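Worksheet for the structure shown next.
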Amino acid sequence: MDGSCGAEQAQPVPERSGRLKKRKEFLFLAARGRKAPVTGLVLQLVRRADTGAARIGFTVTKKVGNAVVRNRVRRRLREVVRNVERDTLLNGLDLVLIGRAATQTRPFDALVSDFRKALRLCQKDG
């Protein structure tokens, strides 16, 4: 045993997306971003000048439900992004996903396809 077991097979780890947290960032995307409303969510997207990891923010209004429901919707949206990030390159993008009332009851596979459709719509325009 030389201690180099598996060193040749190591693959680069994809950059993990960051988070948008400041109100100013959300307002910028709302004003200047491309919007794609689909059944399960609304996507706002801005292409940045760099090619760094994607930055993603999540918003769910009180119209959707109480805090428990809103947090559940946010968790579902985060998991949708994780699933899509595995096979879709999101580098250089700022995204805001807005949860809707339909987000909480929509089947998960449908939510994933809604997000992919919204990405295509936003990127087609630009």
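Residues take their numbers from the sequence shown, with the count starting at 1. Predicted, not measured: the structure shown is a model, and the values here were computed from it.
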Salt bridge (Lys or Arg N to Asp or Glu O under 4.0 Å) partners for [X], two or more places apart:
{"X": "Asp50", "answer": "Arg48"}
{"X": "Arg100", "answer": "none"}
{"X": "Arg116", "answer": "Asp87"}

Closest approach of [X] to [Y] (non-hydrogen atoms, all atoms of both residues):
{"X": "Leu41", "Y": "Leu43", "answer": "CD1-N, 4.0 Å"}
{"X": "Ala36", "Y": "Leu121", "answer": "CB-CB, 4.1 Å"}
{"X": "Gly99", "Y": "Val73", "answer": "CA-CG1, 4.0 Å"}
{"X": "Lys35", "Y": "Leu29", "answer": "NZ-O, 4.3 Å"}

So [Y] and [X], do their side chains get closer than 4.5 Å, heavy atoms only?
{"X": "Val46", "Y": "Leu93", "answer": "no"}
{"X": "Arg47", "Y": "Gln123", "answer": "yes"}
{"X": "Thr103", "Y": "Val64", "answer": "no"}
{"X": "Leu20", "Y": "Leu95", "answer": "no"}
{"X": "Arg78", "Y": "Val81", "answer": "no"}

By side chain to side chain contact (heavy atoms under 4.5 Å, CB included) - contacts of Asp109 (at least two apart): none
Partners passing side chain to side chain contact (heavy atoms under 4.5 Å, CB included) against Arg76 (at least two apart in sequence or in another chain): Phe108, Leu111
Option from Ile98, Thr59, Leu97 for which side-chain contact (heavy atoms from CB on, under 4.5 Å) with Leu77 holds: Leu97
Chi angles and distances behind the salt bridge (Lys or Arg N to Asp or Glu O under 4.0 Å) call for Glu85, Arg82: CA-CA 5 Å; Glu85 263 185 329; Arg82 265 189 221 113; over 6 Å; no
Intermediate values then yes/no, side-chain contact (heavy atoms from CB on, under 4.5 Å), Leu119 and Leu45: CA-CA 8 Å; Leu119 273 174; Leu45 180 142; 3.9 Å; yes
Full working for side-chain contact (heavy atoms from CB on, under 4.5 Å) between Arg19 and Ile56: CA-CA 5 Å; Arg19 293 285 303 272; Ile56 303 169; 5.5 Å; no
Joint cluster assignment, Val80 & Val42, ILVMFWY side-chain distance < 4.5 Å: no
Qualifying side chain to side chain donor-acceptor pair (under 3.5 Å) pairs, either residue in residues 20-31, two or more places apart: none
All pairs passing salt bridge (Lys or Arg N to Asp or Glu O under 4.0 Å) where residues 56-75 contributes a residue, at least two apart: none
Spacing of Lys117 atom NZ and Cys122 atom SG [to the nearest 0.5 Å]: 12.0 Å
Connected hydrophobic set around Leu89, excluding itself, where side chains approach under 4.5 Å: none
Residue pair Phe58, Val96: steps toward the side-chain contact (heavy atoms from CB on, under 4.5 Å) verdict: CA-CA 6 Å; Phe58 302 92; Val96 170; over 6 Å; no
